[in-house]
Amino acid sequence: MGGTPADMAIPVDWYLYLSAALFIVGAAGMLIRRNLFIVLFSLELMLNAVNINLVGFSRFHENLAGQNFVLFVMAIAAAEAAVGLAIATALFRNRQTLMVDLFDRMKG
Amino acid sequence: MQVPDLVPVIPELILLVAACAVLLVEPFLKTEGPGRGDKTAVMGIALAGLAGSLVVSLALVGQHRVSFAGMLVLDDWAVFFKVLFAIGAGLTILMSPLYLEAHRRHLGEYYALILFAVIGMDLMAAARDFILLYLALELMAISSYLLAAFFRYRARSNESALKYFLTGTFASAIMLYGISLVYGQSGATNYVAVGQVLGGQGGSVAVLFAVFLVAMGLAFKVSAAPFHMWTPDVYQGAPTPVAAFFSVGPKAAAFSAIMAAFVVAFPGAVKEWGLLFIVLSIVTMLVGNVFALVQTNVKRMLAYSSIAHAGYLLTGVGAMGWAGNSYPGQGVMLYLAAYTFMNLGAFGVLAYLKSQRPESFDHTLKQMAGLGRSSPWAAVLLSLFLLSLTGIPGTAGFIGKFYVFSGVVWAGLWWLAVIGVLLSAVSAYYYLRVIIYMFFREPEGEYAVKHPISGGMAGSLAVSAIATLIIGIVPSWLWDAVGSAFITLFR
């Protein structure tokens, strides 16, 4: 990521750093946190980190493919959240808890 | 505005119409209590949709059409996978009613979800753009999460869905991050355009990192070790026909996406991704086979066996990249076709047994004892599928392994083929153990089946068994079809 377009006030590297930091926070949250809702938030963080990347690169390359992509990612993220919450509802009805580490009936 | 060429997506449009028709017709059907009732109508619509998609796909053989601004193509490569997915989903649907009826969860959405998943799988094979790849993968994955959770009153089905959802979304987020980096490097999302930009600067660290992330995301989907942890739990907890579908459909779709994306978009880094998949394949074969040895639950054993088979398939993918040769890739395609029939059949017999005693049968080895006497047909069919999974000559499994491993040897990686053959010899232990239990052990409790195999289940198992034998005995037609389909990838 060497040069930047002249009218790009913030260099593209900065978008990359922000996005990488957000992505790592999200990934760590998905792996470490126990509450299913926090895990779902972390998933959204990961997807939005990708969105920042895509928008930054879209500006850098001066083409719109990246921004188009972001719209699709947002739609998919909404669909994923809907399914995730539906699974959470079903889980809570059966077990009265949403701590993901308690769902360990199958092992080996 | 220019109207895109819709001919390449006619098979998917047919499936879409069928899925919507299933959802619209289902509320008007009579029910006999919750989750029960005659669902022949929706099943018929779903099967008709799959048959239509299959016939149209076959009618489109030999065409080469690029549509939607280069986002997807229709060539023999895509047609091969469309036909394979339609057959796999059709066999799954045929074996489902008996199982769902026994568990009082026979609902029309089930068929619609399978059709939506098939649309996603079809588009994954046809995609030539990372945006479409991601969308198709998520269409397949979201339908799969819901299918895993289909028995929502059962704690195990919920747990299975949760694990599938969390690992699946995590993997696709990682793949997406990789795709964003690919876009950053190349300024394009189209495979061909990415390949042209990145082809020259193949080995740079940033490109390799992006390729690695995309590979990791797709390796999750094919359940390659060390990204396989979800597979046994998901397969064990999900309804058995759904587990059967997961083990063949999404896996084959992910392999088609891996081969198309990596061959076309990352030609500059073939050595590197070839090596990555070779390493993954060795770890996957080891983990799958070793853990399968210690399982006492047959369904869970089949889950580990599907990990092992992903390992055999990955040797072909890796060798294809490492040697830059299409021969191992053709072997992978043939193996996927063989694997679809034999694995669906094996899971199908388990689904039949479970549907006979939905409360007491738990897929354990002990409960398989004496099956050879109480239900000789089920025992014989399961033995055939297990022998095929082992790779006994005369069955589809042998032909699949033969072509993949000979492709690997052709690529100069004879040591990798030796590892694969040795580990598939190990696999004979856990497959044959089931057969020994079925025919040579006295049953400890009363696990006799209530009804003989009949109806859709019989049709599904018969088709799987006949296809397993036909591919095993006369494979040349399939090899020719695979060969002519594979070269279209390089046009």
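Below, chains carry the letters A, B, ... as their sequence lines are ordered, and counting in each starts from 1.
Among A:V50, A:V39, A:N68, A:T89, the residue with the largest count of heavy-atom pairs under 4.5 Å with chain B is A:V50. Per-residue counts of heavy-atom pairs under 4.5 Å with chain B were compared for A:L40, A:N63, A:V73, A:L47; the largest is that of A:N63. Interface summary for chain A: among B:S172, B:A188, B:A161, the most heavy-atom pairs under 4.5 angstrom belong to B:A161. Ranking B:T189, B:L162, B:I142 against chain A, the residue ahead of the rest is B:L162, based on heavy-atom pairs under 4.5 Å.
The side chain to side chain contact (heavy atoms under 4.5 Å, CB included) test with B:S180 singles out one residue from A:V55, A:N51, A:L16, A:L54, and that residue is A:L54.
Within 6.0 Å of CZ on B:F68 lie more than 12 heavy atoms contributed by other residues, nucleotides or ligands. Within 6.0 Å of CZ in B:R433 there are more than 12 heavy atoms belonging to other residues, nucleotides or ligands.
Here the closest heavy-atom approach between residue B:A173 and residue A:M46 is recorded as CB-CE, 3.8 Å. A:N94 and B:R152 make their closest contact through ND2-O, 3.1 Å (heavy atoms, listed as atom of the first residue, atom of the second, distance). Heavy-atom minimum distance, B:I131 versus A:A65: CD1-O, 4.1 Å.
Using a distance-only test at 3.5 Å, with no hydrogens or angles considered, a donor-acceptor pair links the side chain of B:Y183 to the main chain of A:G66. Under a 3.5 Å cut-off, the side chain of A:N53 and the backbone N or O of B:I179 do not form any donor-acceptor pair.
In this structure, the separation between OH on B:Y145 and CD1 on A:I87 is 8.5 Å, given to the nearest 0.5 Å.
With a 4.5 angstrom heavy-atom cutoff, A:L91 touches chain B via backbone and side-chain atoms both. Within the 4.5 angstrom heavy-atom criterion, atoms from both the backbone and the side chain of A:S19 approach chain B. Using a 4.5 Å cut-off between heavy atoms, A:S58 touches chain B through backbone and side chain atoms alike. Proximity to chain B (any heavy atom under 4.5 Å) is shown, for A:A27, by both the backbone and the side chain. For B:Y177, the parts sitting under 4.5 Å from any heavy atom of chain A are the backbone and the side chain alike. Proximity to chain B (any heavy atom under 4.5 Å) is shown, for A:F69, by both the backbone and the side chain. For A:A20, the parts lying near chain B are the backbone and the side chain together; criterion is any non-hydrogen pair under 4.5 Å.
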With side-chain contact (heavy atoms from CB on, under 4.5 Å) as the criterion, how do A:R95 and B:N158 come out once you've worked through the C-alpha distance, each side chain's angles and the decisive distance to 0.1 Å? CA-CA 10 Å; A:R95 301 279 301 274; B:N158 288 164; over 6 Å; no

